[in-house]
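Structure, as structure tokens:
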Amino acid sequence: MTDDPEFDDTQDTDSVAARLAAEALIVDVDGFEGPLDLLLTLGRTQKVDLRKISILHLAQQYLAFVEKAKQLRIELAADYLVMAAWLAFLKSRLLLPPDPTEEGPSGEELAAHLAFQLERLQAMRDVAARLMARDQKGRDFFVRGIPENVERVKRVTYTATLLDLMQAYSRIRTRDEFRPFVMDRDRVFTMEQALDRMRGLIGFAGTWTDISAYLPDGWSSDPVRLRSATAATFAASLELAKEGRVELRQSDTFAPIQLRRRGESDG
Amino acid sequence: MADDTDMPQDAAETEEKSLFEAPPMGEQERMVEAILFASAEPVTVKELNGRMPHGCDAAEALVHLRKRYEGRGVNLVRVGDAWAIRTAPDLGFLMQKETVETRKLSRAAIETLAIVAYHQPVTRAEIEEIRGVAVSRGTVDQLLEMEWIRFGRRRMTPGRPVTFVVTQEFLDHFGLESARDLPGLKELRAAGLLDNRPPPGVMPQMGEGDQDAEEETAEGQSELFED
Amino acid sequence: MADDTDMPQDAAETEEKSLFEAPPMGEQERMVEAILFASAEPVTVKELNGRMPHGCDAAEALVHLRKRYEGRGVNLVRVGDAWAIRTAPDLGFLMQKETVETRKLSRAAIETLAIVAYHQPVTRAEIEEIRGVAVSRGTVDQLLEMEWIRFGRRRMTPGRPVTFVVTQEFLDHFGLESARDLPGLKELRAAGLLDNRPPPGVMPQMGEGDQDAEEETAEGQSELFED
């Protein structure tokens, strides 16, 4: 059973009726989407409202169709035969007086449901056609031709918890408390110390002198002490240059940094 | 911020207030207009409100804007919970250049689409029951790919079959405000044609040919056929 | 414009005439509007005339349309010798979608914030004194911008340095009624938040410039210690 014959293949009711008369329907069997589709087509030949359709008559039409197919040695798909068997059963139920001992739904109930199915399928086909007849996007109405991209902007918000806050404070205060005990000030030469030292010495620095000459005595043997003293002396030199009391120069990256007193005349 | 050291208390208060006061409605209308013009896709009221300054009422601005574009060359249309600007359908003849060639849908696909739209949420078994034939995987895939249908919630019945529903893209494509506006929906409902009416007793099973469908829907179908 | 409901009686005649007569200007304006809206690029007057029915005057329709969009959320703009509809320049900010990412505050910021909270009002010099390192402008700016700290009164000391205090926003964020509700050092210690136990009897030394802070927090803390 194929699922997708072209939509355009919908048969014109009258011509189908005519072809049914000529039993040409059987040749077209591949054009039907299964027994229900065929039943609907047959039903339309009754030329009545689907709600007033005679299911008994329809069953007879269908059975005649299957009979004809057999005569013509046309292979019908299994579901057509299942439907034939079921319609034969339905026909017998509709014709025989109801047997009160028999279980299951009555012939009328079964017939009513089949009629409902046919009507529902027809209704779905009608609304499908109405749906496709609507104005469609890209055919009848159109979207913006130059849409603008919405720029995604990432905004970062920062957050912290009360615990973070308290831990941070504890960290600071703990450090404060331990400062006298943990700080090894022996090996630290502060900028203040360097400044004090240099302020006393720059008065004599009339010519360019390497700032390493200003390192305090006894701080150049131990590397840790040397590093601290160098950093402090360098920072103090910058501070003095900022104050306008000395000039600094360096000929190249990593070259020695030289310092001299700034003369009053330059001022 | 850095230099309002001496800002009096109430000045700060006023500033804070104005941050929460929405711009006038005319301005809000302009904003909605700009956002909708810039987007090819419908934009939800929620997103509009999210993009507009705090305190704006996009829903009200939309009412004004819709009126403003009535009868114009482009119109404001509603698509589900979202809104879009679309050219007026009567001017389609001017747009040959913009016309998009859509793939021709098979009859099976069109019927399946209609069944999903009118019966949603609907299972594959129910579609097969209505059409009387198996629904091929290709048909459903095509509709999914076109983004006209999507998976809905699973049906809370044995086998928990998946259901299909139509999408916002479907509504947009067919110019529908909501699935309630489908043509003929009321009549179909009144005629009882949208009822899920289980077949009484023995009925031939539809769509037996399709193996895939059989596997997936076996339980759903048996459920439908039991009474 | 769109509703030509009052079509004259002799519709056929009018229709025939309209084949040779251009549509009314209002109609032409709609057409230009729809074409400009749907086009993927700006459209020249020549192309507009080419796409519109015979006899239309796109240039004139553009004049009307441009006026109509004046002050709206989108405007009609000229791009070379072509025309396009563009978002009004003042609404460009709407074409952004903000995504918010939450990050933890940096260590420097949280420490500075903690000092302000525990010692407010506090000057920058005092913060540096307590932290033992310089406080970068960026850190303070960040906290100001977050509206967790703000400027307090200037300190009545030489140089009249500004002070910082925490804001209501800060209290709200941390669920505090006042900064005095912050647990004191003893409590922090009891909670195991102080890793190292200092020798008994040694109380933390405040920075020397910290007189105010000392006074302010002492009370708050002793209050807390009572229970």
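Convention: sequence-line order gives letters A, B, ...; per-chain numbering from 1.
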Are R107(B) and E111(B) within salt-bridge range, i.e. N to O under 4.0 Å? yes

Between Q142(B) and L105(B) the two heavy atoms that sit nearest each other are NE2-CD2, 3.3 Å

dist Q61(A):CD -> L56(A):CG (nearest 0.5 Å) comes out at 10.5 Å

Decide if the gap between the ring center of F170(B) and the ring center of H173(B) is smaller than 6.0 angstrom. no

Between A88(A) and L63(A) the two heavy atoms that sit nearest each other are CA-CD1, 4.0 Å

Assess whether a salt bridge exists between E147(B) and K137(A), defined as any Lys/Arg side-chain N lying under 4.0 Å from an Asp/Glu carboxylate O. no

Counting heavy-atom pairs under 4.5 angstrom with chain A, the leader among A191(B), A114(B), P89(B) is P89(B)

Turns out that what part of D37(A) lies under 4.5 Å from chain B's heavy atoms comes down to side chain

Turns out that what part of L113(B) lies under 4.5 Å from chain A's heavy atoms comes down to side chain

Within residues 32-41 of chain B, contacts to chain A at heavy-atom distances under 4.5 Å involve F37(B), A38(B), S39(B), A40(B)

The side chain to side chain donor-acceptor pair (under 3.5 Å) partners of Q60(A) (sequence neighbours excluded) come to none

side-chain contact (heavy atoms from CB on, under 4.5 Å) test vs H119(B) passes for just one of L188(B), I130(B), I127(B), namely I130(B)

Heavy-atom check, side chain of L118(A) versus side chain of L58(A), under 4.5 Å:
yes

Quick one, T159(A) and D164(A) - any side-chain contact, counting heavy atoms below 4.5 Å?
no

Chain A shares the most heavy-atom pairs under 4.5 Å, among P183(B), G192(B), G92(B), with P183(B)

Could you tabulate the donor-acceptor pairs under 3.5 Å formed by side-chain atoms of residues 89-96 of chain A, not counting sequence neighbours?
{"unit_1": "S92(A)", "atom_1": "OG", "unit_2": "F89(A)", "atom_2": "O", "d": "2.6"}
{"unit_1": "R93(A)", "atom_1": "NH1", "unit_2": "P105(A)", "atom_2": "O", "d": "2.2"}
{"unit_1": "R93(A)", "atom_1": "NH2", "unit_2": "E102(A)", "atom_2": "OE2", "d": "3.2"}
{"unit_1": "R93(A)", "atom_1": "NH2", "unit_2": "E103(A)", "atom_2": "O", "d": "3.4"}

Turns out that what part of Y118(B) lies under 4.5 Å from chain A's heavy atoms comes down to side chain

Closest non-hydrogen atoms of L38(A) and Y62(A), given as atom of the first, atom of the second and distance, are CD2-CE1, 3.7 Å

Most heavy-atom pairs under 4.5 Å with chain A, out of L176(B), T112(B), L182(B), belong to L176(B)

Taking a cut-off of under 4.5 angstrom between non-hydrogen atoms, the residues of residues 78-87 of chain B near chain A are I85(B), R86(B), T87(B)

Whatever's closer than 4.5 Å to a heavy atom in chain B on R120(A) counts as both

Item checked: Residue pair Q117(A) / L39(A), side-chain heavy-atom distance below 4.5 Å -> no

